[in-house]
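Written out below as C-alpha cells is the structure these notes cover.
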There are 2 protein chains.
Amino acid sequence: MPATQSTRERIILAAVELFYSQGYEATGMTQILKKANANSGSFYFFFKSKQDLLDSVLDWYLANLEPVLWRPIYAATQDPIERIFALLDGYRQKILATDFSFSCPIGRLALEIGLERQNVHDKIAANFDAWTAAVRSCLGDAEHRLPSGTCFDELSQFVLTVMEGGVMQARAHRSIAPFDNSVRQLRQHFDRLLIAAAESNRNNQSLGEKL
Amino acid sequence: MPATQSTRERIILAAVELFYSQGYEATGMTQILKKANANSGSFYFFFKSKQDLLDSVLDWYLANLEPVLWRPIYAATQDPIERIFALLDGYRQKILATDFSFSCPIGRLALEIGLERQNVHDKIAANFDAWTAAVRSCLGDAEHRLPSGTCFDELSQFVLTVMEGGVMQARAHRSIAPFDNSVRQLRQHFDRLLIAAAESNRNNQSLGEKL
DNA sequence: ACTTATTACTTGAATGGTCAAGTAAGTAAT
DNA sequence: ATTACTTACTTGACCATTCAAGTAATAAGT
C-alpha cells in the first residue's frame, strides 16, 4: 500500500464500498465524493461520468480477485477441492459478518445494470470468468480424483451458480441456512464424483491385474 | 380478467412490468403513472408511497405464482421430477425470449433493496418460500423414487439456488450456456439420487426374498 | 539561480433536469 | 350531502454534470 492515496484511487475505493453496500443506482455522486474527500471537479477530471467510474470499479474487482480472494486460501489450504469449499466458506463468513446484508457485488451489478450497457456486462462476465477459471484450476489440480469425463468448465461454473444462489437466499431470509443447504448439496455432488472416480480407478486396476 | 381494470390494478401491473424490466430504483414514478394512465393524485390515494407500491407488487407476485407459473406446468407435465425441470425450462424460454435481459424479478429485488426494509425482504422471502414449497411438493410426489434419507426442503431450496445462479450468469454472459450447464449439473445430481434409490430398492427387495 | 510557461490537478458554486410526493379543486355516483 | 376517486399544478429536495477560476509542481529558457 502506498503511503498516500491518489484522489483517483480514493474515489474508486469509495465507489467500491458504496456500490457494494448500496448498489449503483442508489449511490449518489455526493455520497461518493464525500467519502472520497474529493470535489466534483476533481471527479470529472479523472472520469467521464458515473458510468465510467463503474467501469473502473469493475476493473478494480478483477485486479483484486487473485491477491485478496485467492492468495489467502492458497496459503491456508492445500487440498484443491477443499480450496473451493474454503472459498465458499469465505462468503459464508462475509454473510455472517455483515449480518446477512452481504451480496456478491458483481452478481448484484449483473442484475441491476441494464443490458444495453454492454461493456459493463462484458466486465461483469470477465469477473465471473476469472472467478470460475480459478475454481477450474483447482479442479485441474484434482484431476486424478475426478471421473475422467468430468467437464471442468461446467462444474466450476456450477460452483459459482451455487454461491450466487445461496448468497441471494441467505440475504432475503436473513439466515445462513439457505447458503449452508446449497453448499451441502454441492458437497454431496462433489462427493459422488469423487466416489465414482475412486470406483472407476479400482475397476481399472483390477482390470489391469486380469490382463 | 375483468372487463375493466381499476386504476389501482393498472398501477400495480405497470409497476410489476417496470420493476421487472428496469429494477425498482431505476423506475420513476412518472414512468409508472404514464404506463398506468393515472395521475399522481390517484396514485397517492391508493398507495402511501413508492415503497408501499413495492409491497403490493410483491403480493401480486405471490398471488400469481400458482396460476401463472405452476398451473400450465401441472397441465402439461405429469411426472413430478419432470415438472421441476419443466419449471426450469420455463425460465430458459424467458431468457431466450428476452434476448438474455431476463432476470428473476424477486431475486433482483432481493439484491437491490436494502436490508433495512425488513417487510420487503419478508415478502421476498415469502415468494422464495412459495416457490420452493411447490418444488418440494413435486419431490413429495416422487418420494418413492428418491433415497429415503433425502431432505426435501434442502433439495427444493437447491433447485431455486441453481435457477437464480444460472439466470444471473446467463444475463451477464448474454448466453444460455451458463444456465444450461447449471441445469445439466442439477440433472446429474437428481439422476444420482434416483439411481441410488433404485439400487437401494433392489437391495431391499432381494433382502426380502432371502428372508 | 531566477523567471516564465506549461501541465496537472483542485475548488466550489451553479445548472437544469428529474425525483417522489403533496394539494386543492373538481367530478360522478350513491 | 357524502363518499370515492380524478385532475393538473406545485413543491422542494436531490440528481449527475459543468465550468471558470485557482493552486501547486515541474520543466524550459536565460
Side-chain angles (χ1 to χ4, degrees), chain A residues 2-60 108-109 112-114 116-120 123, chain B residues 2-60 108-109 112-114 116-120 123:
Chain A
T4 56
Q5 261 178 337
S6 76
T7 304
R8 204 189 116 92
E9 284 170 330
R10 281 190 340 260
I11 290 173
I12 290 179
L13 277 176
V16 164
E17 276 192 51
L18 289 167
F19 292 170
Y20 161 74
S21 63
Q22 307 182 334
Y24 173 79
E25 289 284 353
T27 301
M29 286 303 303
T30 332
Q31 225 178 337
I32 297 171
L33 296 176
K34 189 178 174 186
K35 181 156 211 158
N37 245 299
N39 299 79
S40 66
S42 296
F43 176 86
Y44 286 97
F45 177 79
F46 293 111
F47 304 95
K48 268 177 56 193
S49 62
K50 190 187 174 190
Q51 302 203 5
D52 186 38
L53 171 62
L54 180 55
D55 273 30
S56 299
V57 166
L58 285 166
D59 288 340
W60 185 92
R108 176 181 209 153
L109 291 170
E112 180 179 358
I113 306 297
E116 67 281 0
R117 286 168 64 180
Q118 181 152 15
N119 63 325
V120 172
K123 297 212 177 203
Chain B
T4 54
Q5 264 178 334
S6 75
T7 303
R8 203 189 118 91
E9 285 170 329
R10 279 191 340 260
I11 290 173
I12 291 179
L13 276 176
V16 164
E17 277 193 48
L18 289 167
F19 292 169
Y20 161 74
S21 64
Q22 306 183 334
Y24 173 79
E25 289 283 353
T27 301
M29 286 302 303
T30 332
Q31 226 179 337
I32 297 172
L33 297 176
K34 188 177 174 185
K35 181 156 209 159
N37 245 300
N39 300 82
S40 74
S42 295
F43 177 85
Y44 286 99
F45 177 78
F46 292 111
F47 304 95
K48 269 178 54 193
S49 63
K50 190 189 175 189
Q51 303 202 5
D52 185 39
L53 171 63
L54 180 54
D55 274 29
S56 299
V57 165
L58 285 166
D59 288 339
W60 185 93
R108 175 179 209 154
L109 290 170
E112 180 178 359
I113 305 298
E116 68 281 0
R117 285 168 65 180
Q118 180 153 15
N119 63 327
V120 172
K123 299 214 174 201

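Just so we're clear, the structure is a prediction, and the values are computed from it rather than from any experiment.
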- Message: I'd like to know whether B:Ile32 forms a side chain to side chain contact (heavy atoms under 4.5 Å, CB included) with B:Phe19, so could you lay out the CA-CA distance, the side-chain angles of the two residues, the decisive distance to 0.1 Å, and finally the verdict.
- Response: CA-CA 9 Å; B:Ile32 297 172; B:Phe19 292 169; 4.0 Å; yes
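- The two residues B:Ala26 and B:Gln31 have their closest heavy-atom pair at O-OE1, 4.1 Å.
- Base pairing annotation: C:dT30 forms a Watson-Crick or G-U wobble pair with D:dA1, both donor-acceptor distances under 3.5 Å.
- Residue A:Ser6 is classed as having no contact, given no heavy-atom separation below 4.0 Å to the nucleic acid.
- For the pair A:Leu18 CG and D:dC15 P, the interatomic distance rounds to 12 Å; values are reported in whole Å.
- Between A:Thr30 and the phosphate of D:dC14, there is no side-chain N or O to OP1/OP2 separation shorter than 4.0 Å.
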Return the polar atom pairs (N/O with N/O) between nucleotides 22-30 of chain C and the protein under 3.5 Å, or none.
| unit_1 | atom_1 | unit_2 | atom_2 | d |
| --- | --- | --- | --- | --- |
| C:dG22 | O6 | B:Ser40 | OG | 2.2 |

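- The distance from atom NZ of B:Lys34 to atom P of D:dA8 is 15 Å, rounded to the nearest whole Å.
- Note: CD (B:Glu9) to P (D:dC5) measures 12 Å, nearest angstrom.
- Remark: side-chain polar atoms of A:Glu112 are paired, donor with acceptor, to backbone N or O of A:Tyr24 under 3.5 angstrom.
- The separation between B:Leu33 atom CG and D:dT7 atom P is 11 Å, rounded to whole Å.
- With C:dG12, D:dT6, D:dT17 as the candidates, the nucleotide lying closest to the side chain of A:Met29 is D:dT17.
- For the pair B:Phe45 CZ and D:dT6 C1', the interatomic distance rounds to 10 Å; values are reported in whole Å.
- With a 4.5 Å cut-off on side-chain heavy atoms, A:Val120 and A:Leu58 count as touching.
- If you measure from atom CZ of A:Phe47 to atom C1' of C:dT10, you get 15 Å, rounded to the nearest angstrom.
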- Kindly determine whether B:Arg8 and B:Phe47 satisfy side chain to side chain contact (heavy atoms under 4.5 Å, CB included), including the steps that lead there. CA-CA 9 Å; B:Arg8 203 189 118 91; B:Phe47 304 95; 3.7 Å; yes
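- At distances below 3.5 Å, not a single donor-acceptor pair connects side-chain atoms of B:Lys123 with backbone N or O atoms of B:Val57.
- With rounding to whole Å, B:Asn37 atom CG is found 9 Å from D:dT7 atom P.
- Taking every heavy atom of both residues into account, B:Ser49 and B:Tyr44 meet most closely at CA-CE2, 4.0 Å.
- Of the candidates C:dT10, C:dT11, D:dA8, D:dA8 carries the atom nearest the B:Asn39 side chain, counting heavy atoms from C-beta on.
- As judged by a 4.0 angstrom heavy-atom cut-off over every strand, A:Phe43 is placed among residues making no nucleic acid contact.
- With contacts defined as side-chain heavy-atom distances shorter than 4.5 Å, the pair A:Trp60/A:Leu13 qualifies.
- Within residues 49-58 of chain A, the residues having any heavy atom closer than 4.0 Å to DNA chain D are, in order of number, A:Ser49, A:Lys50.
- Taking 4.5 Å as the limit, some side-chain heavy atom of A:Leu53 sits within range of a side-chain heavy atom of A:Phe43.
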